[in-house]
Amino acid sequence: DAGVTQSPTHLIKTRGQQVTLRCSPKSGHDTVSWYQQALGQGPQFIFQYYEEEERQRGNFPDRFSGHQFPNYSSELNVNALLLGDSALYLCASSPIPGQGEETQYFGPGTRLLVL
Amino acid sequence: GQQLNQSPQSMFIQEGEDVSMNCTSSSIFNTWLWYKQDPGEGPVLLIALYKAGELTSNGRLTAQFGITRKDSFLNISASIPSDVGIYFCAGQRYNQGGKLIFGQGTELSVKP
């Protein structure tokens with residue numbers, strides 16, 4: 001049973017560039033959430049996707065956008081990268097909302113470095 | 001920003017000792033979760049709590065959902081070297097969909 005997978009594992013970009021990160025949820029899950037984790041901090045919620053729509057959004061600017069595909073996989077896009085966007089980006093998946101426990105399971109993350 | 005206060009921030013213990021850490025909030029949560037994160041990896045779920053007062057164990061780990069819904073604690077008994085890592089609490093509210101709010105983490109180091 002495959003868990004949550006993310007790609008790439010590491011990425012280096014320069015300021016002003018754009019980046020796309022990818023996530024495949026755990027088998028049987030159709031909800032995907034994205035988090036940003038700065039060094040030494042706990043993860044911060046960016047947004048959640050369910051049924052190909054953004055269901056909930058955290059306090060992140062519009063430069064952060066996402067997409068969910070019919071197979072439940074998801075992408076996180078960040079435009080006009082800033083140095084402060086350097087972080088570990090985590091994807092988490094959970095079962096269909098409202099059907100009991102929505103415990104989120106995390107992938108290994110993508111480490112983004114902006115120079 | 002963070003809304004959960006997790007303590008202690010770090011701790012050094014002898015192998016075999018018991019460990020306690022806790023998480024508090026100024027507001028109510030409907031779900032409390034405890035995760036462990038190793039360097040360069042994503043958080044791994046340890047225990048999930050869904051009811052106030054609930055006490056749940058997972059091997060040497062025991063966690064409780066505070067009766068006020070504003071706190072939770074995690075105990076690790078008879079610590080071993082592989083317990084090293086960063087432990088995070090996370091809370092979730094029904095009216096905020098899938099958003100998890102995390103504590104700042106407790107870094108655990110074990111002396112052999």
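Everything numeric here is computed off the predicted structure, so don't read it as measured data. Reminder, nothing fancy here: chain letters follow the sequence lines and each chain counts from 1.
- Among the candidates B/Ala48, B/Ala90, B/Cys89, B/Pro43, the residue making the largest number of heavy-atom pairs closer than 4.5 Å to chain A is B/Pro43.
- Looking at B/Leu45, the atoms closer than 4.5 Å to chain A (heavy atoms on both sides) all sit in the side chain, from C-beta outward.
- Counting heavy atoms from C-beta outward, B/Lys36 and B/Asp38 have side chains that approach closer than 4.5 Å.
- Of the listed residues B/Glu41, B/Lys99, B/Glu107, the one with more heavy-atom pairs under 4.5 angstrom with chain A than any other is B/Lys99.
- Proximity to chain B is absent for every atom of A/Phe47, based on heavy atoms less than 4.5 angstrom apart.
- Only the side chain of B/Gln37 comes within contact range of chain A, with at least one heavy atom under 4.5 Å from a heavy atom of that chain.
- Within the 4.5 Å cutoff, side-chain heavy atoms of B/Ser7 are placed close to those of B/Asn22.
- Only the side chain of A/Gln37 has a heavy atom closer than 4.5 Å to any heavy atom of chain B.
- Both B/Ile86 and B/Tyr35 are part of a single hydrophobic cluster, where members link through side-chain heavy atoms under 4.5 Å apart.
- In this structure, B/Asn75 and B/Phe73 have side chains that are in contact, with non-hydrogen atoms separated by less than 4.5 Å.
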Might you work through the side chain to side chain contact (heavy atoms under 4.5 Å, CB included) test for A/Asp85 and A/Lys13, ending with a clear yes or no? CA-CA 10 Å; A/Asp85 295 332; A/Lys13 292 285 188 179; over 6 Å; no
